[in-house]
J.: 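Take this structure, written in structure tokens, and hold onto it; I'll ask about it next.
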Amino acid sequence: IEKAAGGDADKAGKAVAEGSQATAQALWYLAEYQFAAFEKIGFPEIKGKADMKKVNEWAQGPFVKWIEEKGKALANAEGAYGKVRELKAPMWDIAAAERIGVMYRTFVDDFRDAPVPDEIKKDPELMDIYLGSLDEKSQPWVLKATGAFDFCMGLATQVRWFNEFSQ
């Protein structure tokens with residue numbers, strides 16, 4: 001590259017940095033298709049009265065299927081954004097980390113919005129146990145979301161690059 005830049009090391013370094021930025025940008029936009037696929041997977045609704053039997057059937061059927069499908073889409077998108085992050089182009093690295101954090105946060109929010117059986121709603125002690133169980137099961141995703149957002153803010157602060165992704 002330095003030879004192509006007429007022996008100018010600074011010019012060659014600038015060309016490499018610009019190429020890296022452009023490549024990261026292109027990969028980020030490609031990863032956005034995976035992000036859109038993740039967002040399209042809607043939370044399964046429970047139909048009818050939310051009694052214990054109905055919620056259990058829903059939890060062991062549509063909900064498990066949703067977790068698998070949404071998890072696979074998240075992994076695909078995270079892998080695509082990971083390619084962006086490998087290039088260490090700060091602006092796009094920040095954007096990729098933000099998207100990863102958003103996906104995990106969305107997954108947690110959806111998971112925690114699972115329907116509560118009417119029998120549990122009526123009993124405060126059971127309600128605490130039920131919600132505690134949802135919180136416990138979603139904790140790994142909370143940690144991943146937090147890690148992605150922490151990285152995003154740390155890098156944005158370090159390179160002083162603040163935009164809609166770091167905000």
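Hydrogens, waters and symmetry mates are skipped; everything else that's a heavy atom, side chains included, is used. The structure displayed is predicted, hence computed values, not measured ones.
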J.: Measure from the side-chain N and O atoms of Ser133 to the backbone N and O of Ile129, and report whether any donor-acceptor pair falls under 3.5 Å.
T.: no

J.: Look up atom CZ in Phe43 and atom CD1 in Ile67, then write down how far apart they are to the nearest 0.5 Å.
T.: 8.0 Å

J.: Would you give the length of the straight line joining atom CG of Leu74 to atom CZ of Phe35, rounded to the nearest 0.5 angstrom?
T.: 9.5 Å

J.: Between Pro90 and Gln21, which heavy-atom pair has the shortest distance, and what is it?
T.: CD-NE2, 3.7 Å

J.: Decide yes or no for Pro62 and Glu57: does some side-chain heavy atom of the first lie under 4.5 Å from some side-chain heavy atom of the second?
T.: no

J.: Check the pair Glu125, Tyr130 against side chain to side chain donor-acceptor pair (under 3.5 Å), reporting the backbone distance first and the verdict last.
T.: CA-CA 9 Å; Glu125 187 177 336; Tyr130 184 80; over 6 Å; no

J.: The test is side chain to side chain contact (heavy atoms under 4.5 Å, CB included); show your working for Phe107 and Lys144 and say whether it passes.
T.: CA-CA 11 Å; Phe107 204 16; Lys144 288 186 178 197; over 6 Å; no

J.: Taking Trp92 for its side chain and Leu27 for its backbone only, find out whether a donor-acceptor pair lies under 3.5 Å.
T.: no

J.: Output all residues satisfying side-chain hydrogen bond (donor to acceptor under 3.5 Å, both in side chains) with Asp135, sequence neighbours left out; order by chain, then residue number.
T.: Arg112

J.: Which pair of heavy atoms, one from Arg85 and one from Ala97, lies closest together, and at what distance?
T.: CD-N, 4.1 Å

J.: So which pairs with a foot in residues 65-76 pass salt bridge (charged side-chain N to carboxylate O under 4.0 Å, His left out), sequence neighbours left out?
T.: none

J.: Ignoring hydrogens and geometry beyond distance, is a side-chain donor-acceptor pair present between Tyr81 and Glu32 at under 3.5 Å?
T.: yes

J.: How far apart are the closest heavy atoms of Ile46 and Lys54, and which atoms are they?
T.: CD1-O, 3.7 Å

